[in-house]
Peer 1: 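After the structure tokens below, expect a handful of questions from me.
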Amino acid sequence: MQFSELALYLEKLEKTSSRLEITRILSELFEATTSAEVDKIVYLSLGILAPNYEGVLLNLAEKMMIRTLALAFNKSADEVKSLYKKSGDLGDTAEELSQSTVHPSQFTVTDVYEKLLDIAKDNGEGSQERKIEMTSSLLKNLDSLSVRFVARIPVGKLRLGFSEKTIIEALGISDTEYNIYPDIGHIAYLTKTNNLKNIKPKIGVPVVPMLAARLNSTTEMVAKMGQVSVEPKFDGLRIFIHFKRKDNIVKIFTRNMNSIPLETFPELLGVGKFIKAEEVILDSEAIGIDPTSPRLRGAGVFLDFQKTIQRRRKHNIKKTAGEIPLQFQIFDVLLLNGKSLINEPYINRRMELEKIIIGGSLLRVDENTVTKDPEIIKEMHKKYLKMGLEGVVVKKANGKYVSGRTGWNWVKMKEEEGQSGRLSDTLDCIVMGYFTGKGKRAQFGLGKILVGIKDGDVIRTLTKVGTGLTEAMLVEIKNRLNKLQSKEKPKEYEAQKDLIPDVWAVPSLVIEVTADSISKSTKHSLGLSLRFPRFLRIREDKGAGDATTLGELIWWPYFSAKYGLAFVGLLLPASLIQFFVNREVSRYTAITGKGIWSGFLSLGKYFTYPLFLLCFVNFLWLGGYASAGGTALFELTRFPLSFSDRGGTLFWSYILIIGFSGIFLFSKIIYKSLENFMKVVSAITVLGLIFSAFQPEVRVFAGEFFKYFFNPLSIRWPTTWEASDSSHLVTAIAFAGMGGFLNLLYSYWMKDKGVGMAKYTSKVKGLLIKEEEEVEEEKDLVFADTEENKIMWKGWIKFLNFDSLLAVTINAITAGLTTLLAFAILFPKGIFPTGWKITVVQAQFFESSLGYWGRILFLLVASAFMIDTWVGLTDGVARQFADFTYKVRKLGKSFRFWYYFWLGFLILTSLITITLAQPGVLITIIGVISIFAFVLYIPALWYLNYIKLPQEYPVFIKPKKWESVTLLLTWIFYLAIAAGYLWTVF
DNA sequence: TCTGATGCGTC
DNA sequence: GTCGGAC
DNA sequence: GTCCGACGACGCATCAGA
């Protein structure tokens with residue numbers, strides 16, 4: 001057949017949209033074809049030269065075709081490009097160009113096919129030029145209509161409205177043969193020559209894979225499929241393994257029926273050792289495993305898709321295979337010892353699988369749950385998401401292996417019911433410009449849009465979006481953007497050169513976008529991008545100034561990361577400034593030997609009573625620390641299995657609280673045991689954080705990070721501000737250096753440490769420790785103005801400064817490191833921890849550097865850290881309260897009585913309050929109140945230490961002038977924060 | 001020998 | 001991979 | 001429900017050209 005004749009058919013096909021009509025025309029075409037050419041016609045009309053698994057590639061596509069057309073029709077590449085922009089189709093462009101030239105010779109279909117095959121075969125040095133020349137001479141010798149279609153073939157876009165399925169229908173056959181012998185050209189040939197007979201899957205020939213439809217309602221699943229098998233969905237590569245023991249044949253195919261050379265996955269060379277059968281075809285998902293993780297019962301820790309895909313390579317295989325070992329999650333068997341299992345019910349196929357697979361670190365049969373209960377599907381879905389997997393695949397229990405996505409046999413579910421993407425929040429992005437569409441989209445003049453996010457004053461590209469747009473929306477957006485059109489790139493935009501849209505738009509239009517996850521990007525100027533982005537809607541209510549900023553993309557586990565770099569600059573001053581408060585608190589105790597509340601009380605009840613009330617309310621919520629520890633333990637143990645996050649957290653929190661309350665009973669000097677325990681826990685935490693921070697993936701971010709860390713002046717505030725944001729920010733500032741009422745605890749720890757005059761007062765001991773002498777209220781210990789005392793005083797002050805500075809510095813370091821890690825690890829992955837998840841997510845810091853055991857270690861340390869904080873606070877607060885009540889009302893009870901009274905009260909309160917809210921919320925309450933506490937009591941500290949005590953004690957204890965200046969500045973700092981907070985909230 | 005452009009294939 | 005349009 | 005064709009990010013391979 002002359003190619004020109006085929007072209008007439010193709011033109012007719014292109015014009016018709018009805019599939020019935022297309023099918024009719026195709027059968028007419030096949031009727032008119034000889035059996036010798038039918039395969040070539042089929043291939044060419046699909047834009048291919050051979051079935052995928054033969055790996056015939058032209059290596060000539062869009063850009064090269066533009067050059068080809070320029071060469072063939074004597075135009076400049078720019079001229080071709082601009083025509084292409086307009087038509088959106090290189091075939092149409094080629095046709096248009098070819099009309100002005102003569103086409104001397106004619107080619108048959110076979111001629112064209114063979115010439116293209118020659119082009120495909122060429123490679124090596126100079127091949128690009130030769131390919132272009134060959135293609136160009138082919139086009140020059142065809143009539144214009146043929147040129148249209150031949151030019152489209154290399155680009156792989158025939159746009160005729162049909163593909164394999166329709167061809168099969170046109171051939172008048174069922175798809176069963178094609179599905180197990182997916183060479184459409186050969187099938188057409190066999191049909192034409194009446195040789196198509198029943199065949200079965202064959203080793204070395206791929207099977208068209210069965211795909212999962214999507215549904216995110218579990219009840220619908222059960223309604224459609226009845227009894228189902230629920231299985232994890234891994235984020236790896238779909239791999240078919242063909243194995244024949246005789247001659248040790250191993251062949252591998254992908255989802256698209258491409259064959260992969262066995263050298264790519266050397267671990268499969270010896271796969272026969274793990275298969276108890278002579279001959280099998282297995283369906284599986286290959287997924288990379290973290291080689292540093294221990295393999296518990298053979299199972300490893302999964303790497304993400306980006307890592308796994310690196311295994312698909314030709315070079316450096318050995319090294320990469322060591323870094324990214326693959327685990328094959330097997331879930332189906334299609335051929336077993338010569339018998340096709342395709343028509344067996346799924347459950348039976350699985351039973352066979354379990355018999356023949358020797359599970360280990362190479363092959364593993366997916367775990368599954370057979371059920372009819374939508375709730376159980378939901379539970380499994382939740383569980384697998386928690387394990388870091390993609391979701392679930394739900395399979396009809398008695399379904400056959402049906403190639404393609406037809407019917408409700410396999411169903412996948414990624415996101416929660418009712419959600420549109422797996423990202424926890426949708427993003428509001430600024431539309432930076434648009435690209436003219438290709439093919440069908442060309443008529444709308446817009447095919448996709450370039451979208452970005454504000455990063456300070458600059459707007460950086462995040463992703464292109466082209467899916468999710470209806471045709472009406474294409475038009476709508478185009479019209480809007482034309483009004484916002486800008487000849488040049490707006491100067492606040494930053495975009496790399498292969499991301500220049502056809503039309504720039506001034507920042508104004510905001511759209512809502514969703515996606516599955518956030519990935520690191522080298523292509524987009526933001527350094528991040530979206531996996532599977534899709535358009536949701538135009539945000540009519542938002543202008544460019546309201547769009548999501550870079551800072552809003554993360555939520556620092558310690559309340560700060562939500563503002564990303566914008567917050568970082570505040571961190572260092574916020575942690576260090578508390579030094580001045582700590583120092584005054586401890587100074588008072590060192591001089592008088594008394595707790596700080598005694599000092600406040602000496603100032604009068606009208607000041608102290610309200611302050612105490614505030615303090616009292618504040619510490620009702622300290623159970624938040626215990627429940628944060630509980631979250632970590634629940635995550636670690638996953639026990640009790642059936643409990644929700646909340647239930648499990650409460651369960652472990654109660655165990656922790658009750659367990660650790662023992663310290664109060666048995667400890668000789670409570671402060672000592674707390675501090676020793678804390679030392680160990682802190683050391684592990686800090687070392688782990690430092691170690692994690694030195695991992696290469698974190699180091700990359702360090703430069704950028706520290707620039708902001710040490711230069712608070714470069715803080716860029718997020719443009720949107722919600723009341724809850726203010727609370728988080730204020731809390732972060734308060735906690736950066738352990739602030740608010742917590743600073744007052746210093747006084748009591750100093751007392752127990754016996755610093756200064758406190759060494760002459762008694763210490764609080766455990767309830768069950770026999771006490772020779774009752775702990776009493778402190779005596780008034782005033783020392784004389786002697787040279788000896790002066791020297792002693794200098795020593796105390798040195799110690800106080802050192803101790804306070806040490807505490808503040810450690811806080812600053814941990815806070816800084818955690819922010820860095822959040823920025824480097826959580827941010828790129830798009831993990832925004834909230835509520836119960838805060839502690840758990842931080843485990844990823846350790847996991848990223850120390851692997852599986854790092855995670856375990858972190859969760860253990862985190863729970864220890866949190867419960868220890870709770871114990872420490874409960875003890876300290878009980879003393880504050882006891883100090884206060886003992887002094888205020890002489891009820892005839894001892895200090896020790898009041899201490900244990902408040903201890904009991906606080907433990908009880910913790911047990912109750914942790915049921916009311918998540919740990920994050922509880923801790924936020926403490927943080928916000930703390931800021932106001934500073935404003936109230938810093939002046940009181942000043943009065944006590946700078947005015948009152950110098951009147952009663954020797955003059956040498958009077959602080960220096962500049963010290964009162966630092967205290968004043970500190971007070972102003974907190975005053976400003978508190979005022980700012982009130983201002984944004986109200 | 002390195003880098004950018006282009007193509008192809010995975011999800 | 002996601003999504004919308006045509007049938 | 002089915003099929004088709006718009007569109008996404010990103011990793012590796014190859015070739016051209018500095």
Side-chain angles (χ1 to χ4, degrees), chain A residues 16-23 52 55 57-67 88 123-131 154-166 169 211 213-214 224 234-239 254-256 258 260 264 285-286 304-317 320 390 404-408 412 414 420-421 435 437-444 446-451 462-474 496-498 513-524 528-536:
Chain A
T16 45
S17 58
S18 152
R19 266 191 75 238
L20 291 173
E21 181 64 8
I22 289 177
T23 313
N52 261 347
L57 296 173
L58 278 158
N59 281 313
L60 179 152
E62 197 183 30
K63 300 288 159 72
M64 298 261 290
M65 185 53 78
I66 289 172
R67 284 166 64 194
N123 63 40
E125 204 176 321
S127 63
Q128 290 190 352
E129 213 48 49
R130 287 195 300 275
K131 277 170 195 279
V155 190
K157 299 225 153 102
L158 272 289
R159 302 193 239 255
L160 299 176
F162 66 88
S163 80
E164 282 90 348
K165 293 260 187 192
T166 316
E169 200 150 314
L211 305 174
R214 207 167 80 181
K224 284 188 156 61
F234 297 92
D235 193 6
L237 299 170
R238 182 85 175 267
I239 295 290
T254 67
R255 196 199 112 134
N256 296 326
N258 281 304
I260 294 183
T264 310
E285 188 87 3
D304 57 23
F305 175 74
Q306 241 70 287
K307 213 76 202 155
T308 301
I309 193 75
Q310 291 180 13
R311 282 298 307 275
R312 209 183 172 190
R313 54 165 60 241
K314 280 187 174 176
H315 311 305
N316 254 328
I317 290 177
T320 321
E390 246 199 322
R405 207 162 264 143
T406 310
W408 297 104
K412 62 180 160 181
K414 288 185 175 185
S420 56
F435 297 86
K438 310 218 169 118
K440 203 164 56 175
R441 294 256 174 114
Q443 57 181 293
F444 304 107
L446 181 152
K448 53 190 166 186
I449 51 191
L450 179 67
V451 132
L462 171 70
T463 183
K464 290 183 284 183
V465 186
T467 195
L469 296 147
T470 63
E471 289 175 354
M473 194 47 81
L474 293 173
Q496 286 181 23
K497 82 162 173 271
D498 50 348
V513 171
T514 189
D516 267 31
S517 55
I518 292 179
S519 53
K520 282 189 201 177
S521 174
T522 51
K523 212 173 114 189
H524 285 279
L528 298 170
S529 198
L530 303 179
R531 176 139 104 135
F532 313 143
R534 40 223 195 247
F535 171 89
L536 289 180

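Labels below follow one simple rule: chain letters A, B, ... track the order of the sequence lines, proteins then strands, and each chain is numbered from 1.
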Peer 1: For B/dA5, does OP1 or OP2 lie under 4.0 Å from any side-chain N or O of A/K497?
Peer 2: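 True: A/K497 side-chain N/O within range (under 4.0 Å) of B/dA5 OP1/OP2.
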Peer 1: Pick the closest DNA chain C nucleotide for A/R441 and for A/R255 by heavy atoms, then say which residue is nearer the 5' end.
Peer 2: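 It is A/R255 whose nearest nucleotide is closer to the 5' end.
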Peer 1: Taking the nucleotide of DNA chain D with the nearest heavy atom to each, does A/R67 or A/H524 sit closer to the 5' end?
Peer 2: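 The answer here is A/H524.
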Peer 1: It should be established whether A/T467 places a side-chain nitrogen or oxygen under 4.0 Å from OP1 or OP2 of nucleotide D/dA6.
Peer 2: no
Peer 1: Establish, with yes or no, whether the OP1 or OP2 oxygen of D/dG8 is under 4.0 angstrom from a side-chain nitrogen or oxygen of A/K523.
Peer 2: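 So the side-chain polar atoms of A/K523 never come under 4.0 Å of the phosphate oxygens OP1 or OP2 of D/dG8.
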Peer 1: For D/dC12, does either OP1 or OP2 sit under 4.0 Å from a side-chain N or O belonging to A/R311?
Peer 2: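 Checking A/R311 against D/dC12: no side-chain N or O falls below 4.0 Å of OP1 or OP2.
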Peer 1: Tell me whether the side-chain N/O atoms of A/S519 come closer than 4.0 Å to OP1 or OP2 in D/dA9.
Peer 2: no
Peer 1: I want to check something: taking the side chain as every heavy atom from C-beta on, are A/F305 and A/R531 in contact at a cut-off of under 4.5 Å?
Peer 2: yes
Peer 1: Using a 4.0 Å heavy-atom cut-off across all strands, classify A/T308 as base, sugar-phosphate, or nothing.
Peer 2: nothing
Peer 1: May I ask you to verify if any side-chain N or O of A/R534 is less than 4.0 angstrom from the OP1 or OP2 atom of C/dC3?
Peer 2: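 So the side chain of A/R534 is within the cut-off, an N or O lying under 4.0 Å from OP1 or OP2 of C/dC3.
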Peer 1: Stepwise, does the salt bridge (charged side-chain N to carboxylate O under 4.0 Å, His left out) test hold for A/D235 with A/K414?
Peer 2: CA-CA 11 Å; A/D235 193 6; A/K414 288 185 175 185; over 6 Å; no
Peer 1: Check whether any side-chain nitrogen or oxygen of A/K438 sits under 4.0 Å from OP1 or OP2 of D/dC7, and answer yes or no.
Peer 2: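 Checking D/dC7 against A/K438, no side-chain N or O comes under 4.0 Å of OP1 or OP2.
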Peer 1: Counting the atoms with a prime plus P, OP1 and OP2 as sugar-phosphate, which does A/L20 contact under 4.0 Å by heavy atoms, base, sugar-phosphate, or nothing?
Peer 2: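 Nothing, no heavy atom under 4.0 Å.
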Peer 1: State, to 0.1 Å, how close A/R441 and A/G437 come at their nearest heavy-atom pair, and which atoms those are.
Peer 2: CB-CA, 3.8 Å
Peer 1: Looking only at side-chain N and O atoms, does A/K412 come under 4.0 Å of OP1 or OP2 in C/dT2?
Peer 2: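 Looking at the OP1 and OP2 atoms of C/dT2, one of them is under 4.0 Å from a side-chain N or O of A/K412.
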Peer 1: Nearest nucleotide by nearest heavy atom, which residue falls closer to the 5' end of DNA chain D, A/G124 or A/G466?
Peer 2: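 Counting from the 5' end, the first nearest nucleotide belongs to A/G466.
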Peer 1: Is the distance from OP1 or OP2 of D/dG8 to the nearest side-chain N or O of A/T463 less than 4.0 Å?
Peer 2: no
Peer 1: Rounded at 0.5 Å granularity, tell me how far CG in A/N123 sits from CZ in A/R130.
Peer 2: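 Between A/N123 CG and A/R130 CZ, I get 8.0 Å after rounding to 0.5 Å.
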Peer 1: Can you tell me if the side-chain N/O atoms of A/K464 get under 4.0 Å from OP1 or OP2 in D/dG8?
Peer 2: yes
Peer 1: With a 4.0 Å limit, can you tell me whether A/N258 has a side-chain N or O closer than that to the phosphate oxygens OP1/OP2 of B/dT10?
Peer 2: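 Affirmative; the distance criterion is met.
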Peer 1: Hey, does the side chain of A/T166 come within less than 4.0 Å of D/dC3's phosphate (OP1/OP2), counting only N and O?
Peer 2: no
Peer 1: Between A/N256 and B/dT10, does any side-chain N or O lie under 4.0 Å from OP1 or OP2?
Peer 2: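 Answer is yes, contact under 4.0 Å.
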Peer 1: Rounded to the Å, how far apart are A/L158 CG and D/dA6 P?
Peer 2: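 Those two atoms, CG and P, are 11 Å apart.
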Peer 1: Would you say the side-chain atoms of A/T320 pair up with the backbone N or O of A/R311, donor to acceptor, closer than 3.5 Å?
Peer 2: no
Peer 1: Do you know which of A/V513, A/L469, A/D516 makes side-chain contact (heavy atoms from CB on, under 4.5 Å) with A/R534?
Peer 2: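 With A/R534 as partner, A/V513, A/L469, A/D516 yield a single side-chain contact (heavy atoms from CB on, under 4.5 Å), made by A/D516.
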Peer 1: Considering every strand and a 4.0 Å limit on heavy-atom distances, what is the contact class for A/I260: base, sugar-phosphate, or nothing?
Peer 2: nothing
Peer 1: Rounded to the nearest angstrom, tell me the gap between atom CG in A/D498 and atom P in B/dT6.
Peer 2: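 Rounding to the nearest Å, CG of A/D498 and P of B/dT6 are 9 Å apart.
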Peer 1: Would you mind classifying the nucleic acid contact of A/G126 as base, sugar-phosphate or nothing, using non-hydrogen atoms under 4.0 angstrom?
Peer 2: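 Sugar-phosphate, backbone atoms only, no base.
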Peer 1: Determine the contact category for A/G407: base if any of its heavy atoms lies under 4.0 Å from a base atom, sugar-phosphate if only primed atoms, P, OP1 or OP2 are that close, otherwise nothing.
Peer 2: sugar-phosphate
Peer 1: Is the phosphate of D/dC3, meaning OP1 or OP2, less than 4.0 Å from a side-chain N or O of A/S163?
Peer 2: no
Peer 1: Quick one: label A/F535 by what it contacts on the DNA or RNA (base, sugar-phosphate, nothing), any heavy atom closer than 4.0 Å.
Peer 2: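 Contact class for A/F535: none.
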